[in-house]
Structures are given as C-alpha cells and as structure tokens.
Amino acid sequence: MAARRALIAGNWKMHGLAAAVEELDRVIQGFGAELSSKIDLLVCPPFTLIEEFAATAKGSKVLIGAQDCHPKASGAHTGDVSAEMLADAGAKAVIVGHSERRADHGEGDALVRAKAEAAFRAGLIAIVCVGETQAQREAKQTRDVVLRQLQGSVPDGAGASLLVIAYEPVWAIGSGLTPSSGDVTEVHGLIRNAVSARFGAAMGSATRILYGGSVKPDNAASFLKANDVDGALVGGASLKAADFLAIASRAV
Ligand code: 13P
C-alpha cells in the first residue's frame with residue numbers, strides 16, 4: 001500500500017471572530033518541526049477569517065482552507081464565494097458536501113460534484129464528505145448511501161493529489177457518539193475499493209480518507225491507528241489549539 005501522509009483537518013464551522021487568530025497562533029506554535037515533518041495540518045475557518053488566517057500561517061506548515069465554495073468562478077450569485085476567490089485569499093483546500101450543507105441548504109450529489117470540480121479548477125484540495133444518517137444506519141443502508149454519495153459527489157477528473165474523502169456519519173457529528181474503529185475501517189475499505197474500481201488501483205491506494213464525527217483527544221488514536229484511516233476531520237475539538245494539536249499528535 002502506498003504511504004499516505006496523514007491529514008488532520010479542523011472544520012471551525014460558524015465559529016470564530018477576529019480574536020480567534022490567537023488560537024490559530026497557538027496551533028502554529030504547537031505544530032513543530034517533528035510533527036510537521038510527518039503530517040499535514042489544515043484549519044478551515046469561516047470565510048471572513050480565511051485571508052487573515054492565511055497571512056498569519058504564511059511561512060508555517062499550517063494550511064488554511066474553506067468550508068464551501070460555489071461551482072462557478074464568478075457571476076451573479078449573491079452571497080456565494082468561488083473556489084478562485086478562496087485560492088486568491090490564500091486557501092489551499094475546501095470542504096464540499098458536508099452533511100450540514102446537505103441538510104441546511106439542500107445540497108445534493110450533483111452540486112457537491114460541481115463544487116469539487118471548481119476546487120480542482122482553482123488548484124484547491126477538495127475534501128468531499130459522505131456519511132449516513134442514524135435512520136439509514138439503522139436500516140442497514142450505510143454501504144449503499146456512502147457508495148451512492150461517493151459516486152455522485154466525486155468528479156470524473158479527480159486525481160489523488162487534490163482529492164480527499166471524509167467519512168462523517170451524520171449521527172456521530174457533534175453528538176459524542178462514534179462508530180467503532182472496526183466499523184470505520186470497514187466503511188473506509190469500501191470507499192477505497194470504490195475509488196480503485198473507478199480510478200485505478202494507484203489512485204485507490206494514494207487517496208486519503210479521513211474519519212470525522214466527535215473526534216476528541218481521548219478517542220483520536222483508536223481511529224487514526226485504524227486501517228485505511230488517513231486522518232481526521234475535526235469539528236468542535238478543532239476550536240481549541242491544545243485539543244486539536246493533541247489529536248494531531250495521535251496521527252504519528
Ligand atoms: P464534531 O467533531 O464536532 O463532531 O464535528 C465533526 C464535523 O462535522 C467535522 O466536519
């Protein structure tokens with residue numbers, strides 16, 4: 001299996017005012033040479049903080065990303081932000097298809113795919129999120145839902161250097177509930193096989209697959225050491241530098 005460099009990504013969601021740059025500073029200070037030689041660390045603040053965060057992180061190994069983008073590069077789309085604008089502001093990655101956007105804004109797979117294409121067009125890493133709801137899990141539809149979302153949301157032109165998949169079971173987000181590491185490995189294995197079947201074995205083994213959903217310092221190791229898990233997409237615990245760095249340290 002190809003060696004995949006772990007990626008620990010923080011999704012700040014709708015949190016953070018100007019003063020939050022101090023928290024980013026602590027992340028930068030704590031991401032020392034030893035850790036940064038082994039893993040990638042990404043912070044995705046709200047749009048309003050991207051430019052300042054990118055300027056603050058410049059010269060460090062901490063990457064800055066966004067939580068969404070519009071499929072088009074520009075145009076009459078009030079309130080939207082394009083992937084090109086994110087790149088221009090200093091972002092290196094963008095999360096697309098997060099379940100909160102799928103639920104809050106009715107985003108479907110075709111739109112998520114178009115957003116991922118926009119990310120690639122702008123040279124950004126697209127972190128494409130998939131995951132089943134509680135009801136789907138109870139109905140034993142996890143496999144079907146994840147594979148359908150994956151097929152629909154990942155563009156044909158994807159390459160392993162800019163594509164990251166995040167498996168985030170909806171019921172595990174913000175709930176303190178988590179699947180077992182065995183369950184996560186099983187779903188990640190499905191995802192990897194599907195990527196291999198569609199894009200070839202080399203891409204299957206090179207694509208990073210993150211787990212997300214109530215990842216905390218005390219449970220991070222169980223996921224990050226599991227087979228086929230190449231990192232984490234962290235919500236609440238990414239807002240505190242100490243917790244985020246503690247999670248990152250479990251990836252090595
Ligand atoms: P929590 O870590 O707060 O459960 O959020 C996970 C998530 O949605 C990351 O994108």
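Order of listing sets the numbers, starting from 1, for every ligand and every atom in it.
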Contact check: [X] vs ligand 1, nitrogen or oxygen atoms, below 3.5 angstrom:
X	result
E100	no
A237	no
K216	no

What protein heavy atom is closest to [atom], reported as residue, atom name and distance in Å?
atom	answer
atom 2 (O) of ligand 1	G235 N, 2.9 Å
atom 5 (O) of ligand 1	K13 NZ, 3.2 Å
atom 3 (O) of ligand 1	G236 N, 2.8 Å

Sub-4.5 Å side-chain heavy-atom contact between E84 and R121: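 Of all side-chain heavy-atom pairs linking R121 with E84, at least one is under 4.5 Å.
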Distance filter under 4.0 Å to E168 heavy atoms, resulting ligand 1 atoms: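 That gives atoms 6 (C), 7 (C), 8 (O), 9 (C), 10 (O) of ligand 1.
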Proximal atoms of ligand 1 relative to L233 (non-hydrogen, under 4.0 Å):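 Within the 4.0 Å cut-off of L233, ligand 1 contributes 9 (C), 10 (O).
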Looking at every heavy atom in both [X] and [Y], which two are closest together, and how far apart are they?
X	Y	result
F120	A126	CE2-CB, 3.7 Å
A158	L163	CB-CD2, 3.9 Å
P155	F199	O-CZ, 3.4 Å

For the residue pair Q67 and H98, confirm or rule out a side-chain donor-acceptor distance under 3.5 Å.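 The criterion, which ignores hydrogens and geometry beyond distance, is not satisfied for H98 and Q67.
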Contact with ligand 1 for G212, non-hydrogen, under 4.0 angstrom: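 In this structure, G212 fails to qualify as a contact of ligand 1 - no heavy atom is under 4.0 Å.
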Answer yes when D40 and K61 have at least one side-chain N-carboxylate O distance shorter than 4.0 Å, and no when they do not.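 No salt bridge links D40 with K61.
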Are K115 and D80 close enough for a salt bridge, meaning some N to O gap below 4.0 Å?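 No, this pair does not count.
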Counting only heavy atoms, which portion of I173 has something under 4.0 Å from ligand 1: side chain, backbone, both, or neither?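 Within the 4.0 Å criterion, I173 contacts ligand 1 through backbone and side-chain atoms alike.
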